[in-house]
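Worksheet for the structure shown next.
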Amino acid sequence: MRNDIDGNRIRVTVTVTEDDSIEQLVDCVEDVVDARIVDAPDSSRRPTTLRIDVRDVTPKQWEALEVAFEKGYFDCPRETDLETLAARLSISKSAVSQRLRAAESTLLRAIVEATRASGSHDVDTGVEPEPETR
C-alpha cells in the first residue's frame, strides 16, 4: 500500500492480487472515493507466502482483533461498530479503537518486514524510500 499527498488530495495505492478481492475492494470504496482498477507492472515478484512474527501483538490486542473479526467489524460494509465491540469487551470505545489500531500497525509492520526479508521489496512502487534517522 502506498499513499501520496497532492495538495488537498490523498492518493492511496493498494495492491490486490485476486480478481474477486479487487472487485470487492472497489465496490466498498467507490461510493466514497474515485476508485480505479489498473494492472500492476509485475505482480509476479511478490511472495506467495510469508512467515510473519506476531509476538508483538499483545493478548488484549489479539482479543480485540478476534472479537472484531468474529462480529464483522472488518467486513465491507461493517457488520458492527466500536460501541458494540466495546460493550462485548467491557472496555471503552476509545480503548477498542486504540487496541485495534495498535494491532493493525504491528501486523502491517510484520508483513512489510517479512516481505523485505523475502527479497520481494524490490518491486518498483515509484516512491523513493525515506532515509532512516536515528
Side chain to side chain donor-acceptor pair (under 3.5 Å): pairs with one or both residues in residues 61-72, sequence neighbours excluded: none

Of all residues at least two apart in sequence or in a different chain, which pass the side chain to side chain donor-acceptor pair (under 3.5 Å) check with T58? none

Does a sphere of radius 6.0 Å around CZ in F74 hold more than 12 heavy atoms from other residues, nucleotides or ligands, not counting ones at 6.0 Å or beyond? yes

Check: residues 97-111 side-chain donor-acceptor pairs under 3.5 Å, at least two apart:
from: T106; atom 1: OG1; to: A102; atom 2: O; distance (Å): 2.9

Can you name the residues that form a side chain to side chain donor-acceptor pair (under 3.5 Å) with D56, not counting sequence neighbours? none

Which pairs would a plain distance check flag for residues 80-88, meaning a side-chain donor or acceptor within less than 3.5 Å of a matching protein atom at least two apart in sequence or in another chain?
from: D81; atom 1: OD1; to: E83; atom 2: N; distance (Å): 3.3
from: D81; atom 1: OD1; to: T84; atom 2: N; distance (Å): 2.9
from: D81; atom 1: OD1; to: T84; atom 2: OG1; distance (Å): 2.8

Sequence neighbours excluded, which residues qualify as side chain to side chain donor-acceptor pair (under 3.5 Å) partners of S90? none

Donor-acceptor pair, distance only, cut-off 3.5 Å: does the side chain of D75 make one with the backbone of P77? no

